[in-house]
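Order of the sequence lines sets the chain letters (A, B, ...), proteins ahead of strands, with each chain counted from 1.
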Amino acid sequence: MDFIRKIVEEDIRNNKNEGRVHTRFPPEPNGWMHIGHAMAIYLSYSIAQEYSGLFNLRFDDTDPSKESMEYVEAIKEDIQWLGADWEDRLYFASDYFEKLYDFAVGLIKAGKAYVCDLNVDEIREQRGSLTEPGVNSPFRDRSVEENLDLFKRMREGEFEDGSRVLRAKVDMASPNLLMRDPIMYRIKRVSHYRTGDDWIIYPSYDYTHGESDAIEGITHSLCSLEFETHRPLYDWFVDELLAIGKIEHKPRQIEFSRLNVTYTITSKRRLLELVDGGYVSGWDDPRMPILAGLRNRGFPASAIRMFLGKVGVTKRKKNIDMGLLEACVREELDRDANRVMAVLNPLTVILTNYPEGQEEYLEIPNHPKDESRGTRKVPFSKVLLIERDDFMEDPPKKFYRLTLGREVRLRNAYFIKCNDVVKDKSGNIVEVHCTYDPETKGGSAPDGRKVRATIHWVSKSHALKSEIRLYDRLFTREDPIGISDYNPDSLTTITGFVEPSVGEAEPGTHYQFERLGYFFTNLQEFSKDTIVINRTITLRDTWAKIKKQHLSTRKKGQRKQKKKN
RNA sequence: AGCCCCAUAGUGUAGUUUGGUUUAGCACCUCAGGCUCUGAAUCUGAUGACUCCAGUUCAAAUCUGGAUGGGGCUGCCA
């Protein structure tokens, strides 16, 4: 059990908050949710679930300059997709503006806040530094009446943007810079996407966040480590407001470390460069570490949840293997994806002893480990397509697949034996001629003879031509900086041939293309007539490893040879 | 430089609160092998860690102090 759950359990045991558990996720609607946010969302949601508590979604929309309703809708969709449910508790900090204003007035009356006429630069100068204390603002000791009057006039629009702010009167000598009379309100003549032009002063994050939590009765306010230094300020506001009776509940902020994944960046600025530079099709490109991107790629939400569960919750800096996320995706899809056959890089196979013009429909199980998923009919005929990689004229030692004179199995069909290779003028193999053994229908020989390999196939005349988008990792480096580490091979679009049953699928269907990987019918572009399919992820490929090892040992051998010479 | 946070195999994490029951557990990765109508899945096995120093104690990954290493903090962003 992680440290946050331990705190929650102890609070329940002590009957703190009357034993209630209430969490929230507080995004600012100014950008796309990424895999890191998924952790925050799912942690808060699942803790509420586990302890029979409640989970709120609250948009922290206190800076109108970059927020919009489009982001609100997109974020809601992402959270829903992830499986976190806020039920009817959708809130906006902007709904609390009037209340927050009233709280601020209370703080002024209590002598805990003042209007400061210093400009941005002056405030920065007077804040001091990491080692030196700040100096008090000359406006720090204004009378309550003057502060009240000025604050009211700030709201009414009497002053220019940036000319005055409301500050909390905390401690200009605090070693925590955030406690040096932080800004509570600034004047900003910008229309808000929800409150329009009702306000020209907007509350800051530090002032808004804990108060919104208190208003909603949040018990455990979970956030990432960068807010750790904000906690004393969070507590200060809550305590002062508690003292003057403006609120009656004290939430507790707890910080955990952010999620970083190898081969990935979540920096908005750097991701934007990829979008702007046309390296990806948009923020929701299937290669992006953005939730909408992962969804388009075909990563199941359940895999992301599993991943999050395995990663855990601590305060240590994390750097998690992309391989772990990929392993989760494979695990979920292995269980959930129906199997079909598709050929991505075709080579024509002619069954010389199969009757011309004949076709038959083979009944093939949709999932080898799950009979309840039923079967489908797959057409078989004289002319087939197999994967070009599955035939080698001059095979290396451990290559078990088709080659001249060798017998292999066509998956769920017949044994075939290769007798002949047909080449064009430049020596490229254009087709291979095989004979099939009618006795081996279904895939096994009555005489008990074995084959070493099984390869997949489609019937050439029945197969559906389709656009296949082969996605790979966005970056070439484990710790990418940005555009300079862009993987040019992260997307390859090819024409592939899929068995006819795929044409009947809905957009957003997961498949395993046997021996190739997990694929996903494109959510936006797939239809019966234009088949567009994303490769979500390849299968684990031990053969590729063997090949690599061979290559490297051969190179080493060559080097040794050279040395001898 | 001041303040705050963190420290277990390649990676992530359990164990630390309440010291012994741990030859430090699990997962991913890696390697070897078994099985196989997917070179997939699955199964078996292997390699591999308590940052350091000092103290307390019969006993320290666990408690104390210090050091070292890593991270955060000087927006009228969140």
Could you tell me whether the side chain of A:Arg142 reaches within less than 4.5 Å of the side chain of A:Asp117, counting heavy atoms only?
->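 A side-chain contact exists here, since the closest heavy-atom pair is under 4.5 Å.
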What interatomic distance, in whole Å, is found between [atom1] of [M] and the corresponding atom of [N]?
| N | M | atom1 | result |
| --- | --- | --- | --- |
| B:C28 | B:U38 | C1' | 23 Å |
| B:U8 | B:G15 | C1' | 9 Å |
| B:C29 | B:A49 | C1' | 15 Å |
| B:U62 | B:A7 | C1' | 14 Å |
| B:G33 | B:U18 | C1' | 44 Å |
| B:G10 | B:C52 | P | 13 Å |
| B:U30 | B:U23 | C1' | 23 Å |
| B:A46 | B:A1 | P | 48 Å |

Between atom [atom1] in [X] and atom [atom2] in [N], what is the gap in whole Å?
| X | N | atom1 | atom2 | value |
| --- | --- | --- | --- | --- |
| A:Met306 | B:C26 | CE | C1' | 15 Å |
| A:Arg330 | B:C29 | CZ | C1' | 12 Å |
| A:Leu325 | B:C29 | CG | P | 13 Å |
| A:Glu478 | B:C29 | CD | P | 14 Å |
| A:Glu28 | B:G75 | CD | P | 18 Å |
| A:Ile537 | B:A41 | CD1 | P | 12 Å |
| A:Leu178 | B:C73 | CG | C1' | 7 Å |
| A:Tyr400 | B:U38 | OH | P | 14 Å |

Letter per nucleotide, 5' to 3', of nucleotides 5-18 of chain B [B base touched, S only sugar-phosphate touched, - untouched; heavy atoms, 4.0 Å] = SSSB-BSSSSS---
Base, backbone or nothing for each nucleotide of nucleotides 31-36 of chain B, written B, S, -, heavy atoms under 4.0 angstrom, 5' to 3'?
-> S-----
What is the nucleic acid contact for [X], judged by heavy atoms within less than 4.0 Å: base, sugar-phosphate only, or nothing?
| X | answer |
| --- | --- |
| A:Asn30 | nothing |
| A:Phe227 | base |
| A:Asn412 | base |
| A:Leu333 | nothing |
| A:Phe399 | base |
| A:Thr62 | sugar-phosphate |
| A:Ile455 | nothing |
| A:Pro368 | base |
| A:His230 | base |

First encountered from the 5' end of RNA chain B, between A:Arg515 and A:Tyr185 |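 Residue closer to the 5' terminus by nearest nucleotide: A:Arg515.
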5′-ward residue of the pair A:Gly162/A:Val451 relative to RNA chain B |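 This one resolves to A:Val451.
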Would you say [X] reaches [N]'s phosphate, i.e. side-chain N/O to OP1/OP2 under 4.0 Å?
| X | N | answer |
| --- | --- | --- |
| A:Arg339 | B:U38 | no |
| A:Arg186 | B:C77 | yes |
| A:Arg127 | B:C76 | yes |
| A:Arg124 | B:G75 | yes |
| A:Ser204 | B:C77 | no |
| A:Thr131 | B:C3 | no |
| A:Lys268 | B:C77 | no |

Between [X] and [Y], is there a donor-acceptor pair closer than 3.5 Å when you use the side chain of the first and the backbone of the second?
| X | Y | answer |
| --- | --- | --- |
| A:Glu387 | A:Asn345 | yes |
| A:Gln253 | A:Phe227 | yes |
| A:Glu122 | A:Asn119 | yes |
| A:Asp61 | A:Ser94 | yes |
| A:Arg409 | A:Gly443 | yes |
| A:Arg373 | A:Asp336 | yes |
| A:Ser204 | A:Ile183 | yes |
| A:Ser174 | A:Met179 | no |
| A:Ser257 | A:Arg316 | yes |
| A:Thr375 | A:Ile364 | no |

Closest to side chain of [X], choosing from [options]:
| X | options | result |
| --- | --- | --- |
| A:Gln512 | B:C76, B:A78, B:U38 | B:U38 |
| A:Leu130 | B:U30, B:U38, B:G2 | B:G2 |
| A:Lys188 | B:A78, B:C77, B:U30 | B:C77 |

Can you say whether a donor on the side chain of [X] sits under 3.5 Å from an acceptor on the base of [N], or the other way round?
| X | N | value |
| --- | --- | --- |
| A:Arg401 | B:G39 | yes |
| A:Arg180 | B:U74 | no |
| A:His367 | B:A41 | no |

Strand RNA chain B as a dot-bracket string - pairs counted if Watson-Crick or G-U with both distances under 3.5 Å, | where the partner lies in another strand | .((((((..((((......[....)))).(((((.......)))))....(((((..]....))))))))))).....
With a 6.0 Å cut-off on ring centres, are [X] and [Y] close enough?
| X | Y | answer |
| --- | --- | --- |
| A:Phe92 | A:Phe59 | yes |
| A:Tyr207 | A:Phe237 | yes |
| A:Tyr263 | A:Phe475 | no |

Start with the C-alpha distance between A:Arg140 and A:Asp181, add both sets of side-chain angles, then the distance that settles salt bridge (Lys or Arg N to Asp or Glu O under 4.0 Å), and finish with yes or no.
-> CA-CA 9 Å; A:Arg140 198 172 202 258; A:Asp181 290 10; 2.7 Å; yes
Do A:Glu407 and A:Tyr436 meet the criterion of a side-chain donor-acceptor pair at a distance under 3.5 Å?
->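 A:Tyr436 and A:Glu407 do not have a side-chain donor-acceptor pair below 3.5 Å.
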Base of B:G75 relative to its sugar, syn (within 90° of 0) or anti?
->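 What B:G75 shows is a syn base, its glycosidic angle lying within 90° of 0.
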